[in-house]
Amino acid sequence: GPDILSDLVQGRLPDGRPLSEAEAMGLAEHITVGGHETVTSALAAGLLLLIRHPAVERELRREPGLVRNFVEEALRLESPSQGFFRFALEDSELHGVAIPKGSMVHLRFGAANRDPEQFPDPDRLDLRRPNPGAHLAFGQGMHHCLGAPLARQELVLAFRALLERFEPFRLAPGHGPPRHVPGLSLRSLRELHVELVPSGRSHGIEIP
């Protein structure tokens with residue numbers, strides 16, 4: 001059929017061989033469940049950013065068209081996937097450090113997303129940054145996330161709905177400061193307690 005699972009079964013690698021059953025099953029599992037945790041993490045991280053940046057939240061309420069840019073900045077600043085292991089295909093050197101062919105390296109997307117040469121004032125949440133989406137939250141090249149368009153749309157619609165339906169967000173009292181789950185590759189809040197007060201306005205959300 002014209003679907004990605006059929007492609008995994010019938011596809012061929014560059015050397016002409018088909019995927020083994022273990023390879024196809026592993027990819028199918030990753031494709032099926034891989035986006036659930038990361039989108040959830042991005043939604044929680046974005047909500048916490050709005051709580052910590054009330055001026056940004058107010059601006060988004062005045063100009064809902066900036067929600068897409070906010071989503072890109074949230075992904076850049078709080079990438080759910082902070083990095084992944086790769087193998088060097090050839091001898092390389094980076095800032096004077098030799099990387100022999102075959103070496104395992106851990107590419108830090110989170111660090112690249114705060115590269116001041118790419119993003120001036122990189123720690124600032126900037127709704128009008130001229131290159132939104134230039135981050136590496138979804139990887140790059142042949143490893144770029146297949147679900148990136150869906151994840152972006154889910155986050156845009158979620159934040160539009162939250163901003164439309166609720167008053168300014170605030171942390172719920174009686175809980176400690178938000179903490180992250182320890183981890184090397186994934187960045188996710190352990191929990192986030194938020195008070196949501198209905199705004200009383202129309203709840204109609206226009207889906208583009």
Side-chain angles (χ1 to χ4, degrees), residues 1-8 27-53 56-84 109-110 112-114 118-119 122 124-169 178 180-181 185-189 191-192 194 196 198-199 201-208:
D3 58 87
I4 194 166
L5 295 180
S6 296
D7 288 340
L8 290 176
L27 287 170
E29 179 185 15
H30 189 72
I31 291 169
T32 303
V33 305
H36 292 292
E37 181 179 2
T38 49
V39 171
T40 301
S41 297
L43 180 59
L47 190 54
L48 183 57
L49 281 174
L50 290 179
I51 292 171
R52 290 175 170 172
H53 297 80
V56 171
E57 181 184 351
R58 289 193 295 270
E59 189 170 7
L60 288 175
R61 292 179 184 278
R62 289 194 304 268
E63 297 186 51
L66 292 173
V67 169
R68 288 191 180 277
N69 284 17
F70 167 73
V71 165
E72 300 299 340
E73 279 288 86
L75 289 168
R76 181 182 70 82
L77 292 168
E78 295 288 337
S79 301
S81 297
Q82 288 284 300
F84 282 108
F109 304 150
N113 288 345
R114 292 175 185 254
Q118 182 74 14
F119 305 102
R124 184 164 64 93
L125 200 173
D126 184 357
L127 294 180
R128 289 175 170 77
R129 194 172 290 280
N131 57 342
H135 54 74
L136 298 182
F138 294 110
Q140 187 66 280
M142 65 184 296
H143 293 290
H144 189 265
C145 175
L146 288 172
L150 175 60
R152 283 184 162 108
Q153 188 73 335
E154 287 175 324
L155 291 169
V156 167
L157 292 176
F159 282 112
R160 283 181 177 174
L162 287 167
L163 290 164
E164 172 69 22
R165 298 182 183 190
F166 298 100
E167 297 292 341
F169 315 120
H180 288 85
V181 178
S185 294
L186 299 178
R187 182 169 174 80
S188 178
L189 287 165
E191 57 188 15
L192 184 65
V194 179
L196 297 176
S199 66
R201 291 179 297 173
S202 169
H203 291 170
I205 302 296
E206 180 181 351
I207 300 177

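As the structure is a prediction and not an experimental result, all values here were calculated from the model.
Here the closest non-hydrogen pair linking P198 and L196 is CD-O, 3.7 Å. What you find for G46 and A74 is that their closest heavy atoms are CA-CB, 4.2 Å. Across every non-hydrogen atom of L60 and L163, the tightest pair is CB-CD1, 3.9 Å.
Checked against V71 for a side chain to side chain contact (heavy atoms under 4.5 Å, CB included), the options V156, L157, L66 give a single hit: V156. Between F70 and the options L125, L155, L75, a side chain to side chain contact (heavy atoms under 4.5 Å, CB included) holds for only L125.
Using a 4.5 Å cut-off on side-chain heavy atoms (C-beta onward), L50 and L162 make no contact. Looking only at side-chain heavy atoms (C-beta outward), F159 and L43 come within less than 4.5 Å of each other. For the pair Q118 and N131, the minimum side-chain heavy-atom distance is below 4.5 Å. Using a 4.5 Å cut-off on side-chain heavy atoms (C-beta onward), S81 and T38 make contact. For the pair L49/V56, no side-chain contact is recorded, criterion being any heavy-atom separation below 4.5 Å from C-beta on.
In this structure a side-chain-to-backbone donor-acceptor pair under 3.5 Å is present from S6 to G1. Side-chain atoms of N69 do not come within 3.5 Å of backbone N or O of P132 as any donor-acceptor pair. A side-chain donor-acceptor contact under 3.5 Å links N113 to the backbone of L136. Side chain of S185 to backbone of Q82: no donor-acceptor contact under 3.5 angstrom is found.
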After noting the C-alpha distance and the side-chain angles of L77 and H135, does the key distance pass the side-chain contact (heavy atoms from CB on, under 4.5 Å) rule?
-> CA-CA 9 Å; L77 292 168; H135 54 74; over 6 Å; no
Which is it for E167 and S199 under the side-chain contact (heavy atoms from CB on, under 4.5 Å) test, yes or no, and what are the steps along the way?
-> CA-CA 5 Å; E167 297 292 341; S199 66; 3.8 Å; yes
Please lay out, stage by stage, how E78 and H180 fare under the test side-chain contact (heavy atoms from CB on, under 4.5 Å).
-> CA-CA 11 Å; E78 295 288 337; H180 288 85; 4.0 Å; yes
Go through the steps for R160 and R68 under the test side-chain contact (heavy atoms from CB on, under 4.5 Å), then give the verdict.
-> CA-CA 9 Å; R160 283 181 177 174; R68 288 191 180 277; 4.1 Å; yes
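Here CG of L192 is found 5.5 Å from CD1 of I51. Values are rounded to the nearest 0.5 Å. Here CD1 of I4 is found 8.5 Å from CG of L27. Values are rounded to the nearest 0.5 Å.
For E73 and R124, the salt-bridge test fails: no basic side-chain N is under 4.0 Å from an acidic carboxylate O. Using a 4.0 Å cut-off between a side-chain N of Lys or Arg and a carboxylate O of Asp or Glu, R76 and E72 do not qualify as a salt bridge.
Within 6.0 Å of atom CD in E63, more than 12 heavy atoms from other residues, nucleotides or ligands are found, so the atom counts as buried in its surroundings.
Geometrically, R61 engages F169 in a cation-pi contact, judged by NZ or CZ lying under 6.0 Å from the ring centre and within 45° of the ring axis.
The aromatic rings of H144 and F138 sit tilted relative to each other, their planes meeting at an angle between 30° and 60°.
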